[in-house]
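Along the sequence shown, the residues carry numbers beginning at 1. First listed ligand is number 1; within each ligand, the first listed atom is number 1. Computed from a predicted structure; not experimentally measured.
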Amino acid sequence: MSFPKNFVWGAAAAAYQIEGAWNVDGRGPSIWDVFSQEPGKIFENHNGNVACDHYHRWREDIGLMRDLGLKAYRLSLAWPRIQPTGTGKPNAKGLAFYDRLVDGLLEAGITPWVTLYHWDMPQALQQRGGFLNREMVEWFGDYAEIVAARLGDRVKHWMTFNEPPVVMGLGYHEGKFAPGLKLPFADCLLGAHHLLMAHGRGVQALRAGCTGPVKISLAHTSRERIPATESKRDIEAARHDYFASTERVMWNLSWWADPIMFGHYPADGVKAFGADMPKVTAADLKLIAQKIDFLAYNCYSGWQVRADAKGNAERLPGGWGTGNPRGTLSWLEIAPEAPYWAARFQAQRYGLPLVFSENGYCNTDFVHLDGKVHDPQRIDFMARYLRAIRRATDEGVPVAGYFYWSIMDNFEWAEGYKDRFGLVHVDYQTQKRTPKDSFYWYRDFIRSGGAKL
Ligand code: IFM
């Protein structure tokens, strides 16, 4: 069978990873500006000061998206461009940039899907405690109000936060990402709670400030559990493990998704985390559980799970086996079944349609002697993952869209510019854009309505 008729074919990027222009037109410093200036934090001390210079080259980039035939483009807004210190009067030039970008996309027939927070918090807010400060709820709400008032007449698809496990896990717990903190687990649970409340406040502000109906979500991520066989026992073991919240990490999907969808934290986690739990009131939970309209999910990799003799989940030893194909980032083991199980498990548990807000493959692509960028691995990766998504839609699992990560090579956080995810190659010395083979493959695929697999 084929993909549903109105399936959204998109690609994504995020402000700090592509915009550059870090100190232009009144933009304030973000936690990533500060973190990436610290020697040793980022591969070869790269930073996002210039990145893909999308701030100045957005017209050319929209032209590429139009050539690609994108139906939708997922972008994020740089909060410090809009409110340089995170609170107070908006910066007119920052808002004007996003105004132009949104208009340009709409003129090109591309629907903007906007994420409010993709990790670049204004540094001034971090200095006031960042997510550990409960005032974050109102700071974020005010920011969402400003954005809704300015873009809400044209933008109808929103995500509040991108990948909370990375924000709190890598940023506040493991110290690998900005702001580089290594806080006790209890503090991370408190920050997570404030983040979820800020999400709720953001949803309220977007609904109140945008004109007409809007579709809102939060982009989750986790690591997929893939049943080792399709026996009922393995499937149930994988499902149970997928939604368990007992590990003392920030990666438990149900920890983030259940409060939004069910209005309470998962009982297994509340029990396991015991005294580390923050104080949670009924009013907090009510705020968090604002109605959302779809599940947004960033899906990359996962591992196989089987049921042991007692039916408990057991991760298969050795993951996928020595030498399993992967991207240049070590965590990106290729697991083509991942989106199928992610969509099936989540749609069943949460009862909403799911959009893959990110999925992509990284490599060390370069321009070949013939002037082209040949990236057969990426094409193969996309074809495999898209087949799994088609299997889901064939079986009636409600998947509504797919955003390839990323439209172009960009600043891959702590890995700098080393790993390339783009459909478009970027030469960071000259800013020359070269569409890769995968760009043309995806273009033909979109033209065929997803039939060409
Ligand atoms: O580049 C990131 C993106 O910012 C968030 N999701 C994962 C991508 C690849 O690591």
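Checked against W158 for a side chain to side chain contact (heavy atoms under 4.5 Å, CB included), the options L218, I292, V203, L151 give a single hit: L151. Residue E163 forms a side chain to side chain contact (heavy atoms under 4.5 Å, CB included) with just one option from M168, E358, H220, and that option is E358.
Here the CG-CG distance, from L77 to L101, works out to 9.0 Å after rounding to the nearest 0.5 Å.
Protein residues lining ligand 1, listed by chain and number: Q17, H118, W119, N162, E163, Y300, W331, E358, W405, E412, W413, F421 [non-hydrogen atoms, distance under 4.0 Å].
With W251 as the aromatic partner, R223 meets the cation-pi criteria of under 6.0 angstrom to the ring centre and within 45 degrees of the ring axis.
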List the atom pairs, with distances to 0.1 Å, where a side-chain N or O of residues 120-131 and a protein N or O form a donor-acceptor pair under 3.5 Å, not counting sequence neighbours.
{"residue": "Q126", "atom": "OE1", "partner": "Y172", "partner atom": "OH", "Å": "3.0"}
{"residue": "Q126", "atom": "NE2", "partner": "Y172", "partner atom": "OH", "Å": "3.4"}

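With 3.5 Å as the limit, one finds no donor-acceptor pair spanning the side chains of T246 and D268.
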